[in-house]
Amino acid sequence: MVAAISSPSESPTNYLGIFAKEYRRPIFFCALVTIAPILYGYDGTYFTALLETPVFQRQFGEESNGTWVISSSDQSLWVSIIQVGEVVGSLAAGPIGDYTGRKGALAAAISFVALGIILQMVVVGSSALLTVGRLIAGAGIGIISNAAPLYLSEIPPVEIRGACVSSWQLMLAIGQVLGAVVGLACHSRGDTGSWRIPIAINLLWVVLLAGALLVVPESPRWLLYRGKEAKAERALHKILKGSPDSEVLVQEQLAILNKSREEEAQATGNESHWSDLWRNPVERRKLLATVGILVSQQISGVQFIFSYTTTFFTLVGLSDTFIITIIVDCIEVLGVVASFFVVNRFGRRPLLLYTGVFMFITLLVVGCLGAAAGHGTFETYLADHPAFGKAVAAMICLYVFAFNVAWGPLAWVVAAEMSTGRNRQKHLSIGTTSFWISAWAVTFTLPYLFQPTEAGLGPMIGFIYAFGGFLSVAFVYFVIPETRGRTLEEINFMMEARIPTPTVVARDEKKAGRFTEHLEKEGPAEDGEGRIRRFRTNSVGSMPSA
């Protein structure tokens, strides 16, 4: 078995900035693919604005006491049905991605999204078409949530892999800001453009991503696993074109990848099987980490902010809720930007733990504020305590910032890094499916929990999600290792070698030149024997170069 174990003491001290010449082309290709998460981010905020848009309420809602409203059941259905589609899309992403590659999966995704968007717009007042359209569009987003993080983890060098995968959350947050701005700009229109224009803008992201797919290369890792070595070599040439000695690097990358593929085939067989994920203890550990980190991201209740911000702030007595929603979305962007400056300094695991504790505290405060206001309707309390809504909003803003510093981007980073080996498409497919199931559970149940006409918990839902946040922190503490600065091959080796999870040691991702020790094992990983060969790495797609 070939592994890549870092030797930090031998790492050169020179630092190549993220925009160094050899990084420019991988960053460019990753930037084109990050158009994809805009679809996910945009949908949540523009649609929550539609729920408060008068024309949309009149054409899709019910009349109650002379006003038009969207019932709790319809809110739950329309907001959560897209997650049902995302679950289906995530499950389908495994076989689609295995057969057609990362680019093929993204092409299938945008086809689903385009069809879903058109169905939502064609008939005024058709709840059935709106529901079906959101379901189909959700299937496309589900495929995107699988294919895009895989691509973003396989194209860039290890030194910038964390930043590139984290850009998923950055573009998602930017999509949320755009959705909130479009919702604000259109909600006061007196015609169907008030809701059709926000829906139609989704087609812009579809067209842009379709154009990007004409430019970006396929993942060399996927091409090699499919036995397409000539195409993998061409893809590596395209990625490494700006690097010094690119021809040598291409051949080194091919040699390392082929060696890794051959040894994995010897250990686990030539074929990738779904049954491996639970029969093989190593694959089972990878699956637990991938599924657990993505579910943990959701059970702290971020979907209640993502999908119901405007409605929730209206409930707690705030005015100008559309403006406040935009502010919250801007805070999300600032949080993700801040993460780029701290993740390489502190690592994945510490940031997840520290921010998780902080998020738990903010949600606990929200719950306590809700308990002080009382159960059910609290108009009287709001009249006597006008600062109540502002206090709740302040805690939400702190929560959002902390979430986007760590949990938003790093959950996807860790999931992409832990799903290593020939089964990584399947690992992430089940992981993203579990992610969307947990997201659906939150969005579907939320109106019934916080609306005064239902359970009437209001801000006391903070207690529920604080408990989820506690479980998330516990999961990271006991299960998730530190993977900062490790290539995917190194991570895979440490998993295969049964290295205890908390003891995985990382080194600084900022150091572009790294010396690694490759241990070529003649026997089992546990026997501790092997010959040491030293390599300098300048890896692409998280692949060490010989």
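Residues: numbered from 1 along the sequence shown.
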When V336 is tested against each of V405, N404, I331, L172 for side chain to side chain contact (heavy atoms under 4.5 Å, CB included), which residue passes? N404

Could you state the interatomic distance from [atom1] ([X]) to [atom2] ([Y]), rounded to the nearest 0.5 Å?
X	Y	atom1	atom2	answer
I396	I324	CD1	CD1	12.0 Å
L106	I144	CG	CD1	6.5 Å
Q57	E52	CD	CD	6.0 Å
R102	R221	CZ	CZ	8.5 Å
L410	L351	CG	CG	6.0 Å
Q120	L135	CD	CG	10.0 Å

Nearest heavy-atom pair of [X] and [Y]: which atoms, and what distance?
X	Y	result
S429	G94	OG-N, 3.5 Å
I110	A107	CG1-O, 3.2 Å
P220	I155	CD-CD1, 3.9 Å
I239	P217	CG1-CG, 3.8 Å
W205	I35	O-CG2, 3.9 Å
G104	E218	N-OE1, 4.3 Å

When you measure from the side chain of [X] to the backbone of [Y], do you find a donor-acceptor pair of N or O atoms at a distance under 3.5 Å?
X	Y	value
S145	G142	yes
S194	G190	no
T34	A31	yes
S296	I293	no
Y23	P156	no
W222	G97	yes
K103	L213	yes
R134	I82	no
T432	N146	no

Are side-chain heavy atoms of [X] and [Y] found at a separation under 4.5 Å?
X	Y	answer
I117	V206	no
E283	H427	yes
L50	W78	no
D329	E332	yes
R189	W195	no
Q297	F403	yes
F340	P409	no
K426	D98	yes

Run S472 and I299 through side-chain contact (heavy atoms from CB on, under 4.5 Å) and show every step you take. CA-CA 8 Å; S472 300; I299 59 176; 3.4 Å; yes

Which is it for M171 and I174 under the side-chain contact (heavy atoms from CB on, under 4.5 Å) test, yes or no, and what are the steps along the way? CA-CA 5 Å; M171 300 308 290; I174 290 174; 4.0 Å; yes

Looking at residues at least two apart in the chain, or sitting in another chain, which of them share a side chain to side chain contact (heavy atoms under 4.5 Å, CB included) with A439? Q83, Q298, Q303, W436

Who passes side chain to side chain contact (heavy atoms under 4.5 Å, CB included) against S126, sequence neighbours left out? V123, A128, L129

Can you label the angle between the W412 ring and the W168 ring as parallel, tilted or perpendicular, going by 30° and 60°? tilted

Report the C-alpha distance between F60 and D74 in whole Å, list the side-chain angles of each, state the deciding distance to 0.1 Å, and finish with yes or no for side-chain contact (heavy atoms from CB on, under 4.5 Å). CA-CA 9 Å; F60 290 88; D74 283 341; over 6 Å; no

Quick check: are there more than 12 heavy atoms from other residues, nucleotides or ligands sitting under 6.0 Å from OH of Y46? yes

Could you go through the side-chain contact (heavy atoms from CB on, under 4.5 Å) check for C330 and I326 one step at a time? CA-CA 6 Å; C330 289; I326 294 174; 4.2 Å; yes

